Engineer: 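For reference, the structure I am asking about is given below.
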Amino acid sequence: MGLTNAVKAWASGLRASLAIMLGYTPIAIAFGVAANEIGLSVQAALLVSGVVFAGASQFVMISLWATSTPALVIALTTLLLNLRHVLYGPLIAPHLRHSPGWQRLLAAFGLTDEAFAAATGRVDRVPESDRMAWLLGLETGAYSAWLSGTWLGATGGAALTTVLPAIAPALAFALPTLFLVLLLPLLQGRVLIAAIVAASVAGIGQFWGMTTASLLMAAVLGPLVALVGSRWRCQQTS
Amino acid sequence: MPTDKLILTIVIGLVTYALRAIPFFLATRRSSDTTTNGSTLTELLNLAGPALIAALLALAVVPAPAVPERSITFLRSLLALAVVALVYRRVQHLGLLVLLGVLVYGLLLVFMPG
């Protein structure tokens, strides 16, 4: 792949990350504000966002810190919360099998929920030789928004907490909208069945407060029900 | 930052990275070593991507038990997404649709307060 093509693909990935940036910024600002409130310095808040780069776990982490929870409990809780990430790599990997190992290790760092969803919906439309640069561009945008939002929240402090409640929920709605818009063109045939089953399982689980477990169950049950259903229908018609 | 919190941050960062990187790396090696096209596993993996996006959508829309006024929050989300889905039939521009979702949800926050 030529350098020019790689730069173009990276820039295209960066543009594709705009929706994620829009959604990440207010959440990262909220994290910065929360970190500031429990007494973390700006540098410490940035370090947590830069090293962990996983929204829900970061909030859980600092809220458990604030209550002096033992380190092992904090580590295990965030491990459970992030367990869903093991599912993303195997689904993205087949699209990037010609990329060098070090690039795959680099791309894995930014494989958040939103980056995974955006890549799943769009990476197929990118020429195979440009896919890694495109994904790295997408992740660069998401990571930059996450870090700059954290910095804004940690430095803005009290001023932001008065403005944020009014705009943050609306801006944060960019993320569910992004998931919907990525999903809509894929919804046909057995993909539709898999999506309905997975959404139902995850939604019911979330209602009862079992977020991670329900996501893992949704990832298994959705495809399984759709596949078994389509094979059963084939047998009935033949 | 105290040393114990610094170490914990690095450990959690490494664990999170390992959860993302190890399956990614192993799956890339397997997919280039074997030809599994058409197998049940490949079919399941092809369905798992959209299923996971649908599950993430549900998690983002259904409020967790700790969220106050869950039903109005849920209703606002459903209404905003319904508008986006309707407009999607005419306009398929990702950026515009995301902005529309944000705008409609913002308006619903004003006109349907909790």
Side-chain angles (χ1 to χ4, degrees), chain A residues 18-19 22 44 47-48 51-52 54 61 71 74-75 78-79 82-83 85-87 89-91 93-94 96-97 104-105 108-109 111 113 117 120 169-171 173-184 186 190-191 194-195 198-199 202-203 206-207 209 211 215 218-219 222-223 226-227, chain B residues 1 4-13 15-17 19-28 31-32 40 43-66 77 80-81 84-85 88 92 94-95 97-103 105-106 109:
Chain A
L18 282 176
L22 190 66
L47 182 78
V48 173
V51 171
V52 180
M61 213 174 127
I74 299 178
T78 52
L79 170 73
N82 290 333
L83 207 54
H85 291 156
V86 299
L87 301 167
L91 298 174
L96 303 163
R97 57 176 172 261
R104 279 180 266 143
L105 286 174
F109 176 75
L111 213 50
D113 295 337
T120 301
L171 287 178
F173 198 73
L175 296 179
T177 313
L178 173 70
F179 292 140
L180 177 73
V181 177
L182 291 169
L183 192 61
L184 282 172
L186 307 173
R190 58 189 186 181
V191 172
Q206 170 83 334
F207 186 81
T211 306
L215 191 63
L227 190 63
Chain B
M1 181 188 257
D4 59 335
K5 283 187 174 142
L6 177 68
I7 292 171
L8 186 61
T9 302
I10 292 170
V11 168
I12 289 174
V15 169
T16 305
Y17 177 65
L19 289 173
R20 290 173 184 165
I22 293 170
F24 191 5
F25 204 73
L26 294 178
T28 316
S31 68
S32 55
T40 302
E43 284 185 75
L44 283 172
L45 285 177
N46 288 339
L47 290 167
L52 267 171
I53 300 176
L56 288 168
L57 173 63
L59 293 185
V61 169
V62 176
S77 300
L81 291 178
V84 172
Y88 172 82
Q92 269 109 44
L94 187 131
L97 288 166
V98 169
L99 282 176
L100 176 73
V102 169
L103 184 69
Y105 191 80
L109 278 171

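Labels below follow one simple rule: chain letters A, B, ... track the order of the sequence lines, proteins then strands, and each chain is numbered from 1. What you see is a predicted model, and the numbers here were worked out from it, not measured in a lab.
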Engineer: Under a 4.5 Å cutoff for heavy-atom pairs, which residue among B:A64, B:A21, B:A85 has the most contacts with chain A?
Structural biologist: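 Looking at each of B:A64, B:A21, B:A85 in turn, B:A64 comes out on top.
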Engineer: Please work out whether the ring planes of B:Y105 and A:F173 are parallel, tilted or perpendicular, with thresholds of 30° and 60°.
Structural biologist: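 Rings of B:Y105 and A:F173: parallel, under 30°.
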Engineer: If you count heavy-atom pairs within less than 4.5 Å of chain A, which of B:V11, B:V15, B:L81, B:L6 leads?
Structural biologist: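 Highest number of heavy-atom pairs under 4.5 Å: B:L81.
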Engineer: Under a 4.5 Å heavy-atom cutoff, which of A:L83, A:L186, A:L227 has the most pairs with chain B?
Structural biologist: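 Most pairs with chain B among the choices: A:L227.
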Engineer: Under 3.5 Å, is there a donor-acceptor pair between the side chain of B:R20 and the main chain of B:Y17?
Structural biologist: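 Absent.
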Engineer: Which of these passes side chain to side chain contact (heavy atoms under 4.5 Å, CB included) with B:V84: B:V98, B:L97, B:V102?
Structural biologist: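 Result: among B:V98, B:L97, B:V102, B:L97 is the only option passing the side chain to side chain contact (heavy atoms under 4.5 Å, CB included) with B:V84.
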Engineer: Considering non-hydrogen atoms only, spot the tightest contact between B:P23 and A:P90 and give its length.
Structural biologist: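 So the two residues come closest at CB-CD, 3.7 Å.
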Engineer: Among B:D4, B:L56, B:L99, single out the residue with the greatest number of heavy-atom pairs under 4.5 Å to chain A.
Structural biologist: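 The answer is B:L56.
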Engineer: Return the minimal non-hydrogen interatomic distance between B:T16 and A:H85, and the atom names on each side.
Structural biologist: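 In this case the closest contact between B:T16 and A:H85 is CG2-ND1, 4.2 Å.
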Engineer: Identify the heavy atoms of B:A58 and A:A199 that sit nearest to each other, and give their distance.
Structural biologist: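 Residues B:A58 and A:A199, closest heavy atoms: CB-O, 3.3 Å.
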Engineer: Identify which of B:V61, B:I12, B:I22 forms the greatest number of heavy-atom pairs closer than 4.5 Å to chain A.
Structural biologist: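 Winner by heavy-atom pair count: B:I12.
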Engineer: For a quick test of reading the model, state the closest non-hydrogen atom pair linking A:A195 to B:A54 and the distance between them.
Structural biologist: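 Heavy atoms only, the tightest pair is O-CB, 3.4 Å.
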Engineer: Heavy atoms only, distances under 4.5 angstrom: which of B:P50, B:A66, B:G106 has the most pairs with chain A? Name it, please.
Structural biologist: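 Most pairs with chain A among the choices: B:P50.
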Engineer: Is it the backbone or the side chain of A:L180 that comes under 4.5 Å from a heavy atom of chain B, or both, or neither?
Structural biologist: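 Both the backbone and the side chain of A:L180 come within 4.5 Å of chain B.
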Engineer: Using a cut-off of under 4.5 Å for heavy-atom pairs, which of A:L18, A:L22, A:D113, A:L182 has the most such pairs with chain B?
Structural biologist: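 If we count pairs closer than 4.5 Å to chain B, A:D113 comes out on top.
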Engineer: Tell me which of these, A:L47, A:T120, A:V86, has more heavy-atom pairs under 4.5 Å with chain B than the rest.
Structural biologist: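 Of the options given, most contacts go to A:V86.
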Engineer: Need one label for B:L100: side chain, backbone, both or neither, based on atoms under 4.5 Å from any heavy atom in chain A.
Structural biologist: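 Neither part.
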Engineer: Looking at A:G203, A:G222, A:A226, which has the largest count of heavy-atom pairs under 4.5 Å with chain B?
Structural biologist: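 Most heavy-atom pairs within the cutoff with chain B belong to A:G203.
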Engineer: Hey, does B:T9 have a side-chain heavy atom less than 4.5 Å from the side chain of A:M61?
Structural biologist: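 In contact.
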